[in-house]
Each structure stands twice: as C-alpha cells, then as structure tokens.
Amino acid sequence: MLPQEIIRKKRNKEQLSAEEISFFIKEMTSGRLADIQAASFTMAVFFNGMSKEEMLALTLAMRDSGEKLTWEGISDGPIVDKHSTGGVGDKVSLMLAPMLAACGAYVPMIAGRGLGHTGGTLDKLDSLSGYQTNVDIDVFKKTVKQAGCAIIGQTADLAPADRKLYAIRDVCATVESIPLITASILSKKLSAGLQYLVMDIKCGNGAFMENINRASELAHAIANTANGAGTKTTALLTDMDSILGTTVGNALELQEALSYLKGEKADSRLDEVTMALCAELLLNSGLAQTTAEAEQKLRHTISSGLAYEHFVKMATSLGADSKILENFATHGLKAPYVEPIYPTTSGYVAAIDTRQVGLGVIMLGGGRTHPEQKINYTTGFTSFCQIGDKVDTKTPLCYIHAEDKDKIKEVAESVRQAITIADTKPALSPVILRKIA
Ligand code: URA
C-alpha cells in the first residue's frame, strides 16, 4: 500500500477500507509518514467526510496505536466514564467521578486541559496543592482500584496517533471535522478500557458546536462509533448558552464542586446536568433499573458524604494535601482582588455571550495564550448571574477574582458587554436538550 494512494482515494471521495486506514495510521505513528501527508489526509477527510465504517476503522486504528488498559483485578463494578465536548463553568467531571464511584462503578477518567475559551478538568485539579495529574499507568490503576475513580491527564502511551494527528489538525485548520473529532475523542476514551460511556455534547454560544443540528450530528457519530467498538454509549445534548453553575475559573470551580459534593449548595442547572449524566451511566451499566432509583442512589452519595469521601481518597492517593483539601474554601488558593461587577441598567438577564465570559478568564491569566504558559489558578468569576435573573445597579452580575488590579476594569467591561439585559423576563430554555442513544 502507498500512503499517497490512500490520500488520493479520499480526495476523490472514495471509501477507504479498514486495512488502508490502519496502514496509514500505523505509518504515521511510527514516523514513516511525512507530516504533509498526514495533513493532506485530514484535509481530504475534512472536505469529503467518512462513512460510519471508515469512522469506526479510524477510531480503532488510533485506539490501537498505543497501550490499551485492562482491568483484570476489578469484577465487582462496571468501568464507566463521561466525556464533555467542552464548555464554560463545566465542572461536572469533578462531581460525577466520585458520585459514580460511591454507587459502585469504577471511573478511569483521562481528562484534558483548557481548549480555546473552554476550561479543562486538569487545570481545575492542578489548583489543588499536591494533586498529580501527570502520573504513570500503575499509579492511575491503583487509584482507580482503591478510590473507585481517578482523573489524570493523557499519558504518552495512550492513543499516540491522536496526539500526532491533533497537533497537525490544530495548525492545518482541520479541527472542526466530525469524523476527525469522533476518532480523536474516542481513541483516547476507548484506550482506557471502558465498558460504558456517556457523552455530554455541549451546544450553544459557549460550545464548539453552536447549533443543535451540528451537535446532533456529532452525538450520532460518536454514539454509533463507540457502540460499534463495543463500548455502550449514549449522548446528552446540553445547553451552553449560559455558564454552567455559578463559578468560572480553576480553583473557583473546584470550590463549587467540593461544595456540591459536601451537600452545601448546588446550582439547579449544574445539578440537573450532573444528575442526568450520572443517571445515564447507572442505567446503562445496570447499577440502577429506573431513573428514580438512579436519582435516589445519587442523592444518597451526597447526603451520606460517600461521594465526598471518594473524592478525598482519589485526591490524596494522587498526592493532594489533605489539610488544604479539607479546608479548601479557606486554605485553597485565593486571588488578592475580588470585586463586584454591576450592570449599568436594571432589568432581567436575557442572554449571555458565554464564549466571551470564557475568554475573560483567559484575559485574567486563568487560561493559556500559548501552549507552555503557566496559568493563574485563582482568577475568574463567582456568583455569576443566570438567564432570567433580575439585576439592577446595586445587584452584581458576578464577582471578578483577579491577581492583577489593572486587568479588572477591562475584563469587567467585557463581562458587562457579554450580558444582555432586557425589560421583560425571557422564556427559560431547558438545560438538557436531547438524548441520543
Ligand atoms: N477534543 C478532542 O479530544 N479531540 C478533538 O478533535 C476535539 C475535541
């Protein structure tokens, strides 16, 4: 087989065989392919798409490019995970993993860093002193066995083909391709040896998929491919036209997640998304027979303190300082400047440019402007308003947390501009938009 013939076939809109795709990915991973050939391949896929069979073959070839985890020692619970396509204020993974562990599941979660305007689970965990997101597979496996869950970053051994192809797509304008996104996400997830997966496909102005048709197309592609690869998968389309929860920013979001796990306070939309994604996995894996039973089990993990205990076990097993964790609200990282942002008029919050709010965190140093940048974990927003809230010139839209006093004015203005205030209360849209099985 010749790589250029494979590229040519895709360029001419012909169907590739599983053997051709596997050959191409093996050649690329082993360094025998020029980057321009890999780039040309992604551009041909970007324009001409892939059939279901091709998408499955690409996902399996990329999954098989590195190590595949197995879970021999675990027989008393299903191996499950969730993946989100990325949003603003999305801290669901931090709660979902220990809640499912407290229900008897095992959650080996390979998470990512912030991408574009969206936050990343790893950056949130890095705000916890001592927590190691960069551990080897043995430590990862040991933590999953002991704590029921572990959230770490991608290791060099898992799906190396994705690492290579993603870097090429990033600089060749071929990221936004449904077959390539599907294979990229699933090759990493499936290499963790999952039995059940739920996808949270974010949809709205703070998501990569802004409209529901594209989001549905991606959800179908991922569910079909993952099910074809033997991992039972369902997807929920969830709203990202406003921030999820009341905080945005790394340490601030971790604090909100810890409060949720301790049963202290829960934003209703954040609670609905977290419960729905957890319930999907409990139902699909047989840990609950009905939605009501799933909900009752999940609520019990919070009221009994079990979910919080699993989080502490996971975090301390991965090196977190238990004293800081126990008193994160007072002993965790804190920004020196915290100020309210007031609107200039009174009325109801009618719309939020959620992407703009995510960019505000980057402007405050809480996200990256270049890949190697050290970020500032303390910055962001708290008590963020929701659509439908009544605000006036004495009721803040949110509080800004900043390390640098000079940044406050500019970011506050950008947040004010991101929020539309109207005279009448807007109709509220649901947070769970659609389920795709
Ligand atoms: N996240 C991934 O892991 N891969 C993509 O292609 C897009 C989002």
Side-chain angles (χ1 to χ4, degrees), residues 21 25 28-29 38-39 41-47 49-50 54-66 81-88 90 92-93 108-124 133 151-192 194 197-204 206-211 214-226 229 231 233 235-238 240 355 358 367-368 371:
I21 291 172
I25 293 299
M28 182 192 72
T29 313
F41 175 78
T42 65
M43 194 57 88
V45 173
F46 182 91
F47 281 116
M50 276 188 149
E54 287 175 305
M55 245 188 278
L56 177 58
L58 182 63
T59 301
L60 296 179
M62 286 168 61
R63 177 198 68 182
D64 296 344
S65 66
D81 196 5
K82 179 227 52 150
H83 185 77
S84 155
T85 52
V88 180
D90 180 4
V92 170
S93 295
M109 189 180 282
I110 311 279
R113 300 204 176 277
L115 187 66
H117 64 281
T118 67
T121 302
L122 290 188
D123 294 329
K124 292 164 204 181
T133 49
I151 308 177
I152 65 157
Q154 194 188 356
T155 73
D157 314 322
L158 295 177
D162 176 61
R163 190 184 294 263
K164 187 146 198 176
L165 208 57
Y166 195 93
I168 287 171
R169 288 165 59 210
D170 201 20
V171 292
C172 293
T174 53
V175 171
E176 305 95 330
S177 148
I178 285 180
L180 296 177
I181 294 177
T182 300
S184 168
I185 291 176
L186 288 181
S187 60
K188 287 176 287 222
K189 284 286 159 186
L190 301 185
S191 66
L194 306 178
L197 173 67
V198 66
M199 284 296 304
D200 182 2
I201 311 276
K202 299 285 183 203
C203 177
F208 291 113
M209 297 286 152
E210 287 205 26
N211 81 54
R214 280 284 285 172
S216 294
E217 207 186 320
L218 178 62
H220 279 293
I222 292 182
N224 281 336
T225 307
T231 295
T233 300
L236 297 183
L237 265 55
T238 69
M240 194 29 75
R355 182 170 182 277
R368 296 176 183 79

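All ligand and atom numbering here is 1-based and tracks the order in the structure.
- Counting only heavy atoms of the protein, atom 1 (N) of ligand 1 lies nearest to I185 CG1, 3.9 Å.
- Polar contact check, Y166 against ligand 1: no nitrogen or oxygen pair lies under 3.5 Å apart.
- Contact annotation: the side chain of R368 approaches that of D123 to within less than 4.5 Å [non-hydrogen atoms, C-beta and beyond].
- Within the 4.5 Å cutoff, the side chain of I181 has heavy atoms near those of the R169 side chain.
- Residues L186 and T231 are not in side-chain contact: their nearest non-hydrogen atoms beyond the backbone lie 4.5 Å or more apart.
- Between S93 and K82, the side chains place a donor N or O and an acceptor N or O closer than 3.5 Å (distance only, hydrogens not considered).
- Of the candidates K188, Q154, K189, E176, K188 brings a heavy atom nearest to atom 3 (O) of ligand 1.
- Heavy-atom separations between F208 and ligand 1 are all 4.0 Å or longer.
- The shortest heavy-atom distance from I181 to ligand 1 is under 4.0 Å.
- Close approach of ligand 1 to S184 is summarised as follows: ligand atoms under 4.0 Å from at least one heavy atom of the residue are 2 (C), 3 (O), 4 (N), 5 (C), 6 (O).
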Pair L218, T182 - check side chain to side chain contact (heavy atoms under 4.5 Å, CB included), show working. CA-CA 7 Å; L218 178 62; T182 300; 3.9 Å; yes
